[in-house]
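Read the numbers this way: they start at 1 and go in the same order the structure lists the ligands and their atoms.
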Amino acid sequence: MATRAIRGAITISENTKNAVTEGTIALLKDIIEKNHLDIDDIISIIFTVTKDVNAGFPAAAARLIGITNAGLLDFPQLETVDGLKMCIRTMMYVESDLPQKEMRHSFLRGASVLRKDLMTDEKYIAVALDGPAGSGKSTIAKMVAKELGFTYIDTGAMYRSVAFYCISKDIDYNNEVEVLKVLDNIKISIVSTKRKQVYLLNNTDVSHLIRSPEVSAGASAVATYKGVRDKLVAMQRDLAKRGNVIMDGRDIGTNVLPNAEIKIYMDGNVEERAKRRFEELDLRGVTTTYEDVLEDIKHRDQNDTNRKYNPLRRADDAVFLDTTELSIEEVKDFIVDKIKEYKKGEA
Ligand code: DC
């Protein structure tokens with residue numbers, strides 16, 4: 001672990017304590033999320049505020065979101081001619097395994113113009129990884145994300161969360177009308193830290209509860225409803241705007257991120273996929289049989305491929321990978337190399 005520095009700035013619309021608090025928290029959360037930080041990774045934060053901001057202390061706002069161990073300090077900002085008005089700036093020192101050049105700075109609400117040097121080349125990369133159940137997408141995506149410091153977004157977990165909500169409330173997930181009625185009550189969020197990713201359903205951690213065979217079947221069913229897809233796809237697109245991402249699912253390359261810089265479509269023979277999924281479930285302690293998993297996968301393949309809205313399909317510009325004979329390492333290296341190649345071409 002080494003000490004790294006992350007810059008940030010945000011503007012606020014009025015000089016009130018609430019605005020200072022809200023602006024500071026929005027900025028800190030963005031930095032934390034973009035860099036996959038845990039609160040404990042933060043060593044210290046220096047804040048500066050322009051002269052026209054004196055109704056509150058950014059350091060006090062930081063404490064409100066649990067940053068209590070780090071050293072915090074507020075300073076007045078040096079005045080510059082034509083400088084940005086009502087601006088809060090930060091310099092956050094953190095512990096990180098990543099090199100300094102991988103730190104993601106954050107300039108929000110017009111504060112971007114302040115540091116054109118840092119902003120102009122800030123172009124995020126999106127990797128779309130599609131394929132049927134059990135093709136190894138999530139294992140590979142997690143490994144690639146870890147190696148390159150990308151954010152991994154598991155879109156299947158979102159459909160699973162909707163299915164889990166229905167099951168837990170005794171709502172028949174095969175009944176579209178009933179599912180759509182409760183859609184507004186479902187709030188899904190992902191909290192990423194460097195070590196793990198947690199899926200919250202209405203602020204409760206459901207990460208482990210959404211992996212059962214019953215939830216898998218429910219997810220495949222609710223994923224056929226346009227109303228469900230519209231809501232989740234909007235969320236997925238929004239998440240992709242915030243940094244470098246690798247997103248796995250069924251319709252990422254064709255629908256969610258049609259302009260993704262890199263698109264991969266993974267497939268493998270159904271028996272091999274069922275075997276892998278069975279072993280994965282077994283490791284997690286889920287009681288099931290290989291035959292049941294094979295049936296479930298065949299059923300989901302059928303559902304996911306033949307549904308009306310955004311079915312599972314390889315995008316014309318996606319690289320096809322048959323993973324039946326390839327090792328996890330080989331697939332991971334192939335994708336990592338593709339991303340590095342892309343970055344080199346852009347540099
Ligand atoms: O990837 P997974 O097995 O966790 O996905 C669960 C179900 O969610 C899958 O059978 C189909 C659906 N899904 C989808 O329709 N679109 C996505 N982008 C991701 C998943």
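Nearest residue to atom 1 (O) of ligand 1 from Arg300, Lys137, Arg250 is Arg250 (criterion: closest heavy atom). Which of Asp296, Val233, Thr155 comes nearest to atom 19 (C) of ligand 1 through a heavy atom is settled by distance: it is Thr155.
Enclosure of atom CG in Asp238 by more than 12 non-hydrogen atoms of other residues, nucleotides or ligands within 6.0 angstrom is indicated. Heavy-atom neighbours of Glu325 CD from other residues, nucleotides or ligands within 6.0 Å: at or below the threshold of 12.
Two residues are said to be in side-chain contact when any heavy atoms from C-beta on lie closer than 4.5 Å; Asp267 and Asp322 fail this criterion. Within the 4.5 Å cutoff, the side chain of Ile88 has heavy atoms near those of the Val20 side chain.
Below 4.0 Å from some heavy atom of Ala219 lie the following atoms of ligand 1, by number and element: 6 (C), 7 (C), 8 (O). Interface of Asp304 with ligand 1, defined as ligand atoms under 4.0 Å from a residue heavy atom, comprises 9 (C), 10 (O), 11 (C). Close contacts of ligand 1 with Gly249, meaning ligand atoms under 4.0 Å from a residue heavy atom, involve 17 (C), 18 (N), 19 (C). Near Arg307, the atoms of ligand 1 lying under 4.0 angstrom from a non-hydrogen atom of the residue are 14 (C), 15 (O), 16 (N).
Looking from atom 12 (C) of ligand 1 to the surrounding protein, the closest heavy atom is Ala223 CB, 3.6 Å. Scanning all protein heavy atoms for the shortest distance to atom 13 (N) of ligand 1 gives Tyr159 CD1, 3.6 Å. Protein heavy atom nearest atom 4 (O) of ligand 1, with residue, atom name and distance: Arg160 NE, 2.7 Å.
Ligand 1 lies within reach of Arg229, whose nearest heavy atom is under 4.0 Å from it.
In this structure, the separation between CD1 on Ile246 and CD1 on Ile153 is 10.5 Å, given to the nearest 0.5 Å.
At a cut-off of 3.5 Å, with distance as the only test, a side-chain donor of Asp304 or Ser220 sits close to an acceptor on the other residue. Side-chain contact annotation: Asp52 with Thr50, donor-acceptor N/O pair under 3.5 Å present.
The shortest N/O to N/O separation between Asp251 and ligand 1 falls below 3.5 Å.
Between Tyr290 and Phe278, the ring planes are perpendicular. Angles over 60° get that label, and only those under 30° would be called parallel.
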